[in-house]
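Position 1 is the first residue of the sequence; numbering continues from there. When a ligand or atom number is given, it counts from 1 through the structure's own listing order.
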Amino acid sequence: MRKKIVAGNWKMNNNLNQTKELIEVLKAEINEVKLNNTRVIVAPSFVNLQEAIEGTKNTSIEIAAQNLHQAKNGAYTGEVSSEMLASIGVDIVILGHSERRTYFNETDEALSEKVATAIENGFDVIFCFGEQLEDREANNHFKVVESQLKNALFNLPSEAYSKIILAYEPVWAIGTGKTASADQAQEMHKFIRGLFVDAYGNDLANELSILYGGSVKPSNANEIFSKPDVDGGLIGGASLNAKDFSEIVKAI
Ligand code: PGA
């Protein structure tokens, strides 16, 4: 049975003390929740990952990085390698977030390399993708999503998919307060699963967790998560508040 997943992307928020505090409150909140076949993941900034790893030892909260560099090591000033992350106990990474694509020019090609590096080094990858508003308005959203997935993921062997978590995030819904409706999310998630049925077969596609991201909050999580092809959420803004985030976890 495919896993349900709620992941919090903290983005460039929370200094060291705020990280410690949020982790402590989260532990107490999440402890109360019965996690049935559900993974709870949070992604603090690079500098606070080690603290987060220490703070969540022996809990059901997992820690992810928000990015990694595709090269093993070398002259890439300001970048962080998979080996560095692994050395402090991080084994999950978010790749392809729309903010990385938009502000840091991450292309499908670079993402394909990043995914390959992450998989080779034993990471789970939360792979983000999704259309811009103009794509949806021009009715190109299915095409855009299909090409993002094909370009970055379809060269992977089937075995790699036990490590891949998909996160469909329509860019127009990220941080805007505008959520895709539950029906829009289901329509796209079903389409995505269908692409994997065609490329890799039914069994693999049925095991893939497909998360929805974009202004998920306690008030809309239930409805979005009730859809059959929505296996959880990637949460930005609401993951910075332990109560809101745990409410969302409870909704799964
Ligand atoms: P949001 O962000 O929940 O603040 O819209 C989602 C994301 O960027 O992953």
Side-chain angles (χ1 to χ4, degrees), residues 4-14 18-19 22 26 29 38-46 48-49 52 61-68 90 92-106 111 114-115 118 123-133 135-136 141 144-145 148-149 152 164-182 184-185 188-189 192 209-225 227 230-252:
K4 303 268 184 198
I5 299 167
V6 180
N9 175 11
W10 290 3
K11 309 191 179 182
M12 197 173 73
N13 293 294
N14 293 328
Q18 291 163 329
T19 297
L22 184 49
L26 259 183
E29 294 279 344
T38 300
R39 295 175 71 180
V40 177
I41 301 170
V42 295
S45 70
F46 281 135
N48 296 320
L49 283 172
I61 301 170
E62 300 176 77
I63 299 299
Q66 298 175 17
N67 185 25
L68 56 68
V90 177
I92 310 172
V93 64
I94 298 174
L95 291 175
H97 191 279
S98 72
E99 287 147 21
R100 300 290 320 165
R101 294 175 189 260
T102 305
Y103 305 136
F104 304 97
N105 305 316
E106 288 193 1
L111 287 169
K114 286 183 181 223
V115 170
F123 281 71
D124 284 357
V125 174
I126 302 177
F127 184 78
C128 308
F129 54 95
E131 82 282 359
Q132 305 275 345
L133 183 58
D135 302 321
R136 186 163 277 265
H141 45 301
V144 168
V145 161
Q148 288 172 327
L149 291 172
I164 299 278
I165 299 159
L166 301 176
Y168 167 60
E169 300 202 301
V171 179
W172 47 272
I174 297 178
T176 58
K178 264 193 215 160
T179 333
S181 70
Q184 282 173 321
M188 182 59 89
H189 283 220
I192 293 162
S209 298
I210 310 178
L211 317 186
Y212 168 80
S215 299
V216 177
K217 3 179 213 296
S219 57
N220 59 23
N222 248 316
E223 199 190 345
I224 294 171
F225 294 165
K227 296 295 177 183
V230 178
D231 305 307
L234 180 56
I235 321 299
S239 72
L240 298 173
N241 178 299
K243 268 226 148 18
D244 285 353
F245 187 66
S246 55
E247 282 304 310
I248 294 170
V249 173
K250 281 181 205 156
I252 195 89

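Close approach of ligand 1 to Ser215 is summarised as follows: ligand atoms under 4.0 Å from at least one heavy atom of the residue are 1 (P), 3 (O), 5 (O). Taking every non-hydrogen atom of Gly237 and a distance limit under 4.0 Å, the qualifying atoms of ligand 1 come out as 1 (P), 3 (O), 4 (O). Set against the non-hydrogen atoms of Ala173, the atoms of ligand 1 under 4.0 Å away are 5 (O). Those atoms of ligand 1 with a heavy atom of Gly214 less than 4.0 angstrom away are 5 (O).
Taking any N or O of Glu169, backbone or side chain, at least one lies under 3.5 Å from an N or O belonging to ligand 1. Residue-to-ligand polar distances place His97 within reach of ligand 1: an N/O pair is separated by less than 3.5 Å.
At a threshold of 4.5 Å between non-hydrogen side-chain atoms, the residues Ile174 and Glu99 count as touching. The shortest side-chain heavy-atom distance between Pro44 and Ile63 falls under the 4.5 Å cut-off. Using a 4.5 Å heavy-atom threshold, the side chains of Leu166 and Leu149 count as touching.
Between Val125 and Ala118, the closest heavy-atom pair is CG2-CB, 3.6 Å.
Not a single heavy atom of Ala167 sits closer than 4.0 Å to an atom of ligand 1. Heavy atoms of Gly213 come nearer than 4.0 angstrom to ligand 1 in no pair at all. Contact analysis leaves Lys217 out of contact with ligand 1, as no non-hydrogen atom separation drops below 4.0 angstrom.
Under 4.0 angstrom from ligand 1, there are no non-hydrogen atoms of Ala238.
Note on residues 239-249: pairs passing side chain to side chain donor-acceptor pair (under 3.5 Å), not counting sequence neighbours, are Glu29-Lys243, Glu29-Ser246, Glu247-Lys250.
Nearest to atom 5 (O) of ligand 1 by heavy-atom distance, out of Pro170, Gly175, Gly236, is Gly175.
Taking the six-membered ring where the residue is Trp, His189 and Tyr168 present perpendicular rings, their angle passing 60° and hence far from 30°.
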| message | Using side chain to side chain donor-acceptor pair (under 3.5 Å), reason through Trp10 and Gln66 one step at a time and then give a plain yes or no. | response | CA-CA 9 Å; Trp10 290 3; Gln66 298 175 17; over 6 Å; no
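Judged purely by atom type and a 3.5 angstrom limit, Asn67 has no side-chain atom pairing as donor or acceptor with the backbone of Arg100.
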